[in-house]
Structures are given as structure tokens and as C-alpha cells.
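Chain identifiers are assigned alphabetically (A, B, ...) following the order of the sequence lines, protein sequences preceding nucleic acid strands; residue numbering begins at 1 within each chain.
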Amino acid sequence: MRLSAYFLPTMKENPAEAQVVSHRLMLRAGMIRQQSAGIYAWLPLGFRVLNKIADIVRSEQERFGAIEMLMPTIQSADLWRESGRYDAYGPEMLRIIDRHEREMLFGPTNEEMITDIFRNTVKSYKDLPKMLYHIQWKFRDEIRPRFGLMRGREFLMKDGYSFDLDYESARKAYNRMMVAYLNTFARLGLTAVPVRADTGPIGGNLSHEFQILAETGESELFADRDLLEGGILKRNIGPTDDVDAYVDEVTAFYAAADEMHEAANCPVPAEKLMARRGIEVGHIFYFGTKYSEAMGAQVIGPGGEPVTVHMGSYGVGVSRLVAAIIEASHDDNGIIWPESVAPFKVGLISLRAGDAEVDAACQKAYETLTRAGVDVLYDDRDERAGAKFADMDLIGLPWQLLIGPKGLKAGVVELKNRKTGERQEVSLESALAQLGA
RNA sequence: CGGGGCGUAGCUCAGCCUGGUAGAGCGCUGCUUUCGGGAAGCAGAGGCCGGAGGUUCGAAUCCUCUCGCCCCGACCA
């Protein structure tokens, strides 16, 4: 992409309304624009990152047997009356009356709808287990939206739902999702800690939150130091590995959200216990028959008897992850994207747009990289070098390829790593080879 | 919802206390000189001072109401 033809409205100064670093940087880097409290438009650069994260989430879901679908954002109140949550959910649910005076709502989650689809469709135990998910916009009318995308009202979420014949099978589904989540966060360059959590309005008695450690996190967590520092969370377990044994190993360590933590009963001695702040980026639940019972989701079992299915639900805050990654990875100059989610891999900077030799070298680099399938943002604007450096650091692409007249005279270009700041002066060919072209 | 703060140019803000026809820096447009870490000069464009009412000869400025945004708290897959 040529920057001169792109849509990247960067800002030099911090917008007054943005207090937290991820919010500031996303606005300044031209990724988002706020439309209302807690409601954001995604500009092209931000949208690319959002999609990259969604793709990684998707691929780990598929790898562990979840099947993608898409449910609507607007739901009928009647469904929610069946589960009893229409009244229980409270003002956080955005309620809508349509022209026929029907009560509708903008879905904050989809347990009821997926249960309705399941009960109308699946009749036999032979069709179990099933794990269905979608990536879709949710709306929760938070009392106080804040911190930009960290607590928005409209947000993109991956929510998945498992259906099993009994507890043992449901527990395996829960474990698979725990592993899929740990893999997902690792691929995003994050360390997420699974902590025992309260189940809240979802219900059930087994639940883990996945917390990214960050000073600016909204929640507090307590965990055994060995869990965080032992490397166990980054093992990249596959679907054919012994998932259950691994989950047992991970969950044997003490790790609890603050509402689940009781200092007096904590089994970990104080010197091994870490109290940290975290950003909740995922939450998984096993809630048994809470919804299937209320909504009559049954299949015929092997003995010909009706069996109420066991369910779980599994959420990842996809849009929140964009902010969480920035909170975890930035410096004074801007964002530092992990390569897996960077909107472009390479920022190609022409240090002297209009200079024939520089233009030709840049054009060659741009074409070679593009043809090799490397995402490159070519800053071909007629701007001064300093302005280009500042913008490129701000938007945080992993690699910067600088081509200017001085270097070309000496036969070199400069390749800079955004994260380490390391620069090498090499031939254009060598730089392109390093970038995968 | 309780407490606090803020709405003036695209962005950051001054002006408000003490009413008198709207300002700066950056950004934007054109030209010139420049050009390797946010250049300089000249010339421009751009604002119903969040909205409504009121007081006044006169309101960005004072008063009332209202809307929006941010922060703390309560809340929170």
C-alpha cells in the first residue's frame, strides 16, 4: 500500500479525551475514531489489526474442533425470558422496541440464541459433541465505558458454545478451549494467565478468566510465581497432545481473580504469591444444564431416553485485545506490534520522494516485497524524513526499510527493527531477502 | 447512579474572574528556499465559542436548563 493513497490520519498531539496509553496511541496512529462514549469506528489501519487478531483466534478455534457460524446482533426478548435473563440482566442490556412494538435487544452474548438453534436442530446423542462459535459485535450498555477499547460498549467478541452429553465430555471441551486460548494469546505475543473466576450472570460453577499482565489492567489477580515464570503457559499444546493432563498441570497452580481470592485460605505462601494487575481478554465457563434445562435442549441418548445437554461458553474480547496488545507493547514513540498482528510487516520509507534514484530503488523494493506476499506500507509522501520516521514509529510496524540518496551512493539501505531499535546498513538485495522477498 | 473536571479552528489550548464584534502554536492550501529524526519565510483558508432560554444597549464571558465527553467510585464474561 502506498501511503499517499491510503487513509491514515495520524496525530502529533494527544487527544484530550484519551487518558490510557492504548487509547491515545490508537487515536494518534489513525486506527480508530470515537463516535460516542464506548463506541468506535475502525479506520483502515485499526481494522487490519482487528482482522489479523480475529484470524489467529479463528485458526486456533478450528484447530481445536470449533466450527464457525454467524448469529444476528439483534435478538428477541422472548428467548431471554425463557432463560430468565431478560429481567436478570438489567440495564446493561440495550433494549429495543421495533415498529410492531415487539421487544428486541442488541445481544450482549448468545447463550440463549445458540441454545435455541441447537434444540431445534440436534436430536440425537450421535451428533454430540459440538462446539460452535462466531466472531460478532456485542453491545453492553456499561455504566461507565472507559479506557478506550478496554471497556467499550460495542465490542467485537469471539463467543463459542459447547454441547456435550455429560460432564466428562463437557469438561474435555472446556479443557480444549483453555488450551486453544493459551495458544491464541501466545501467538499474539501475550502471556495470558488463566485464573479461577466467578461465573457472574452466566452461571455455573467452573470458570477461568485469562488475564494479560499490565499495570493499567482493571482487575487484580493472585497467582503462584511458578505459574507465571515456569514457562508452562507457553508450551503450545496441540489437539492430539494430552490436553487434559496439561490442563490439570496448569490448573494445579494457584491463580485466582480477586473476587475468588481469600488471603486467609490461600495455599501459596506469601513469598511465592504474586499480586498483579491484569486485563481480562478471555473467559471460559462450564455451566452444565443451566440453559439447556430452562430452554429444553435435549437429545435422545444411547438408551432411547431424553438427555439434557451439558454446555459451556467461551469468550475472547477481540477488539479489547487490540488495546491489550498495545498496553503490553509500546514505547515513548508509539506502538510496537508483534509481527503476527502488525497491520503491515514493513514500512518502506523514501527519504527523498521525487529523487529519481531513490524513487526507482523504492519502487523496486515495493514491488519485490509485494510480489513476495510481504505486507508493506510505502511512505511515498513528499514529507521530510523526520515526519516519516515519527509516523512510522507511531504506527509501530515491525520493520522499517529506509532508502535515501546518501545510502544509495554508498550502495546501502537501512533496515531498522522497531522493537529493538537495531539498524543495519546493507544492500537493498540483502534487506529484501531478510524481509522474506 | 454519587463525586470531580471539561466543551472556543482539524489537534493542543489561551481568552471567561472584571461583558464591548474571536486568538496562539501545530495541522491544512499556494509559492519560495530546504530536505537522513516532526525545517524556515511569505501569502491564505478555516470558528452560530456544544445547544436552548434568560439578564443586558451589548454575552465566548454573568444566570438557568439541557446535551456531550473525560476521570474517581459503585458496576462489570
Side-chain angles (χ1 to χ4, degrees), chain A residues 9-20 23-24 27-28 30 33-40 85 89-93 107-111 138 140-148 150-153 155 157-161 177 181 195 197-204 206-211 216-219 257-259 279-287 312-318 320 332-334 349-355 358 379 381-394 400 402-410 412-414 416 421 423 425:
Chain A
T10 58
M11 289 187 274
K12 202 166 167 178
E13 293 182 85
N14 285 318
E17 78 266 19
Q19 301 296 320
V20 299
H23 192 197
R24 282 204 305 262
L27 287 165
R28 287 189 52 208
R33 284 294 182 268
Q34 180 165 349
Q35 296 306 124
S36 289
I39 300 178
Y40 295 85
R85 284 208 295 179
Y89 218 93
E92 202 177 299
M93 182 153 70
T109 176
N110 281 60
E111 280 84 7
K138 301 292 185 291
R140 290 180 196 169
D141 201 358
E142 298 280 351
I143 301 174
R144 177 148 95 88
R146 56 179 151 179
F147 304 150
M150 302 257 275
R151 182 163 294 280
R153 294 196 291 170
F155 57 97
M157 176 162 126
K158 189 283 309 188
D159 44 319
Y161 305 90
M177 279 301 111
Y181 277 26
V195 301
D198 191 18
T199 54
I202 300 290
L206 176 59
S207 172
H208 284 86
E209 288 174 357
F210 293 78
Q211 300 269 1
T216 47
E218 278 193 283
S219 16
D258 56 350
E259 75 271 11
I279 301 167
E280 183 190 343
V281 291
H283 201 153
I284 60 179
F285 301 85
Y286 164 72
F287 44 71
S313 76
Y314 314 90
V316 172
V318 178
R320 180 183 282 180
D332 289 346
N333 295 326
I349 297 182
S350 166
L351 294 169
R352 186 77 57 84
D355 177 287
V358 173
D379 191 347
R381 296 174 303 170
D382 184 19
E383 288 285 344
R384 300 171 59 83
K388 295 186 177 190
F389 294 143
D391 269 343
M392 206 54 91
D393 283 349
L394 176 62
Q400 296 174 13
L402 319 182
I403 300 182
K406 286 184 196 168
L408 286 181
K409 278 202 180 67
V412 295
V413 299
E414 190 172 323
K416 178 185 160 189
R423 304 146 178 273
E425 297 207 330

*Asks:* Quickly work out the A:His23 NE2 to B:rC70 C1' distance and round it to whole Å.
*Replies:* 10 Å
*Asks:* Which value, in whole Å, describes the distance between the C1' atoms of nucleotides B:rU55 and B:rG73?
*Replies:* 38 Å
*Asks:* Give A:Asp198 one of three labels, base, sugar-phosphate or nothing, depending on what nucleic acid heavy atoms sit under 4.0 Å from its own.
*Replies:* nothing
*Asks:* Using heavy atoms to find the nearest nucleotide of RNA chain B for A:Asp393 and A:Arg153 separately, return the residue whose nucleotide is more 5′.
*Replies:* A:Asp393
*Asks:* Taking for each residue the nucleotide of RNA chain B bearing the nearest heavy atom, is the 5' side occupied by A:Pro108 or by A:Arg28?
*Replies:* A:Arg28
*Asks:* Between B:rA74 and B:rG10, how far apart are the two P atoms, rounded to whole Å?
*Replies:* 38 Å
*Asks:* Using the C1' atom in both, what is the distance from B:rA22 to B:rC16, to the nearest Å?
*Replies:* 13 Å
*Asks:* If the P atom of B:rC62 is compared with that of B:rC28, how far apart are they to the nearest Å?
*Replies:* 35 Å
*Asks:* Looking for any heavy atom pair under 4.0 Å, which part of the strands does A:Glu13 touch: base, sugar-phosphate only, or nothing?
*Replies:* base
*Asks:* Could you please name the partner base of B:rG37, counting Watson-Crick and G-U wobble pairs only when both distances are under 3.5 Å?
*Replies:* none
*Asks:* Using a 3.5 Å distance criterion without hydrogens, assess whether the side chain of A:Arg140 forms a donor-acceptor pair with backbone atoms of A:Pro108.
*Replies:* yes
*Asks:* A:Arg85 CZ to B:rC76 C1': how many Å, rounded?
*Replies:* 14 Å
*Asks:* Establish whether the base of B:rG38 is bridged to the side chain of A:Arg381 by a donor-acceptor pair shorter than 3.5 Å.
*Replies:* no
*Asks:* Counting Watson-Crick and G-U wobble pairs only, both distances under 3.5 Å, name the nucleotide matched with B:rG27, or none.
*Replies:* none
*Asks:* Distance check: side-chain N/O of A:Arg146 vs OP1/OP2 of B:rC72, anything under 4.0 Å?
*Replies:* yes
*Asks:* Roughly how far apart, to the nearest Å, are B:rG46 and B:rG36 at atom C1'?
*Replies:* 34 Å
*Asks:* When you get a sec, tell me which of B:rC72, B:rU34, B:rC11 is the closest nucleotide to the side chain of A:Arg384?
*Replies:* B:rU34
*Asks:* Can you tell me the Watson-Crick or wobble partner of B:rC75, both distances under 3.5 angstrom?
*Replies:* none
*Asks:* Could you state the atom-to-atom distance from NZ of A:Lys12 to C1' of B:rC28 in whole Å?
*Replies:* 13 Å
*Asks:* For B:rG27 and B:rC13, measure between their C1' atoms and round to the nearest Å.
*Replies:* 14 Å
*Asks:* Taking pairing as Watson-Crick or G-U wobble with both contacts under 3.5 Å, can you name the mate of B:rC65, or confirm there isn't one?
*Replies:* B:rG51
*Asks:* Round to a whole Å and report the spacing from CG of A:Asp382 to C1' of B:rC31.
*Replies:* 14 Å
*Asks:* Expressed as a whole number of Å, how far does the P atom of B:rU66 sit from that of B:rC1?
*Replies:* 12 Å
*Asks:* Is it the case that A:Glu280 and A:Ser219 place a side-chain donor and acceptor less than 3.5 Å from each other?
*Replies:* no
*Asks:* For B:rC75 and A:Arg140 - does any side-chain N or O of the residue sit under 4.0 Å from the phosphate oxygens OP1/OP2?
*Replies:* no
*Asks:* Quiz question: going by heavy-atom distance under 3.5 Å, is there a donor-acceptor pair between the base of B:rG36 and the side chain of A:Glu414?
*Replies:* yes
*Asks:* Ignoring hydrogens and angles, are the base of B:rG37 and the side chain of A:Lys416 linked by a donor-acceptor pair under 3.5 Å?
*Replies:* yes
*Asks:* Using atom P in both nucleotides, what's the gap between B:rC49 and B:rG20 to the nearest angstrom?
*Replies:* 15 Å
*Asks:* Determine which nucleotide pairs with B:rA14, using a 3.5 Å limit on both distances of a Watson-Crick or G-U wobble pair.
*Replies:* none
*Asks:* Can you tell me how far apart CD (A:Glu111) and CZ (A:Arg85) are? Round to the nearest 0.5 Å.
*Replies:* 4.5 Å
*Asks:* Would you mind classifying the nucleic acid contact of A:Phe155 as base, sugar-phosphate or nothing, using non-hydrogen atoms under 4.0 angstrom?
*Replies:* nothing
*Asks:* Testing A:Arg28, A:Lys12, A:Met11 one by one against A:Leu394 for a side chain to side chain contact (heavy atoms under 4.5 Å, CB included), which residue passes?
*Replies:* A:Arg28
*Asks:* Please report, rounded to the nearest Å, how far the P atom of B:rG68 is from the CD atom of A:Glu17.
*Replies:* 16 Å
*Asks:* When you check the phosphate oxygens OP1 and OP2 of B:rC72, does a side-chain N or O of A:Arg144 lie under 4.0 Å from one of them?
*Replies:* yes
*Asks:* Any side-chain N or O of A:Gln34 below 4.0 angstrom from OP1/OP2 of B:rC70?
*Replies:* yes
